[in-house]
Amino acid sequence: GEFYKMMCRISKLITFNQAKGTFGFDGQSSIGKIAFPAIQAAPSFCGVFPEIFNKRKDIPCLVPCAIDQDPYFRMTRDVAPRLGWLKPAVIHSQFFPALQGPKTKMSGSVASSAIFMTDSAKQIKKKINKYAFSGGRDTVEEHREKGG
């Protein structure tokens, strides 16, 4: 669909040298890793969602992200005018903490760090009961002893 078409258009506008300079790719980087920036950039344009935005091109995108995602969206802003689209705006946030507490980082590659839209009710209950940190105290033991 439109997502794939946009991803291909973006890919054609980014050279390997640009990607290498931005993301630090080298001769050992896999093709999937090299192609990922275009996948990350594609949803920044309303045209990849024609069923939602009625094929309009004039709706800007606001991307909330942590600072580690900034290179992807700087690249996206660079290619947007060449695609004929509005540049997405980026708002940086702190890293979202994982379920394990405030000094941890949520990650899509660590199943226990977050509750995902695809998790079943049973998985959600297990994650909350086993991993969730309420923030009430510094440790689980202190929380149990003194309460939230």
Side-chain angles (χ1 to χ4, degrees), residues 1-136 138-140 143:
E2 297 304 315
F3 188 97
Y4 182 75
K5 290 177 192 173
M6 180 63 74
M7 191 180 75
C8 290
R9 289 182 65 203
I10 294 167
S11 294
K12 290 177 183 178
L13 297 174
I14 305 165
T15 68
F16 177 72
N17 283 339
Q18 288 171 316
K20 180 180 171 185
T22 303
F23 303 103
F25 299 143
D26 60 27
Q28 300 302 309
S29 299
S30 71
I31 193 69
K33 190 174 184 179
I34 294 165
F36 185 72
I39 297 168
Q40 181 88 340
S44 299
F45 305 107
C46 61
V48 302
F49 305 106
E51 62 284 351
I52 298 172
F53 298 111
N54 297 319
K55 300 183 181 183
R56 291 177 55 185
K57 293 178 77 172
D58 61 337
I59 301 171
C61 178
L62 175 62
V63 180
C65 66
I67 195 70
D68 64 329
Q69 301 299 303
D70 185 66
Y72 294 99
F73 297 105
R74 284 181 185 262
M75 177 211 67
T76 304
R77 289 178 54 80
D78 288 344
V79 300
R82 294 187 285 157
L83 291 165
W85 292 88
L86 297 172
K87 290 182 178 185
V90 177
I91 183 167
H92 291 122
S93 63
Q94 293 181 341
F95 289 110
F96 291 111
L99 289 173
Q100 288 79 2
K103 294 186 176 156
T104 62
K105 180 182 171 215
M106 189 184 311
S107 171
S109 61
V110 179
S112 65
S113 73
I115 294 172
F116 299 99
M117 298 294 291
T118 55
D119 285 349
S120 68
K122 185 177 178 181
Q123 288 171 310
I124 293 169
K125 182 176 181 177
K126 180 181 177 183
K127 286 181 179 184
I128 290 172
N129 289 340
K130 186 172 183 176
Y131 302 110
F133 184 82
S134 72
D138 290 337
T139 66
V140 172
H143 180 80

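Bear in mind that the values here come from a model prediction, so they are computed numbers and not experimental data.
Applying the 6.0 Å contact sphere to CD1 of I91 captures no more than 12 heavy atoms from other residues, nucleotides or ligands. Counting heavy-atom neighbours within 6.0 Å of R82 CZ, excluding the residue itself, gives a total above 12. Other residues, nucleotides and ligands contribute at most 12 non-hydrogen atoms within 6.0 Å of the NZ atom of K126.
Ring geometry for Y72 versus F36: interplanar angle over 60°, hence perpendicular rather than tilted (30 to 60°).
Taken from OH in Y4 to CD1 in I39, the straight-line distance is 10.0 Å, to the nearest 0.5 Å. To the nearest 0.5 angstrom, F49 atom CZ is 11.0 Å from E2 atom CD. Taken from CG in D68 to NE2 in H92, the straight-line distance is 9.0 Å, to the nearest 0.5 Å.
Using a distance-only test at 3.5 Å, with no hydrogens or angles considered, no donor-acceptor pair links the side chain of K20 to the main chain of G27. Counting only distance, with no hydrogens or angles, the side chain of K127 and the backbone of A114 share a donor-acceptor pair below 3.5 Å.
Considering only heavy atoms from C-beta on, M6 comes within 4.5 Å of L83 through its side chain. Using a 4.5 Å heavy-atom threshold, the side chains of Q69 and Q40 count as touching.
Tested against R74, the residues D70, D78, T76 include a single side chain to side chain donor-acceptor pair (under 3.5 Å) partner, D70.
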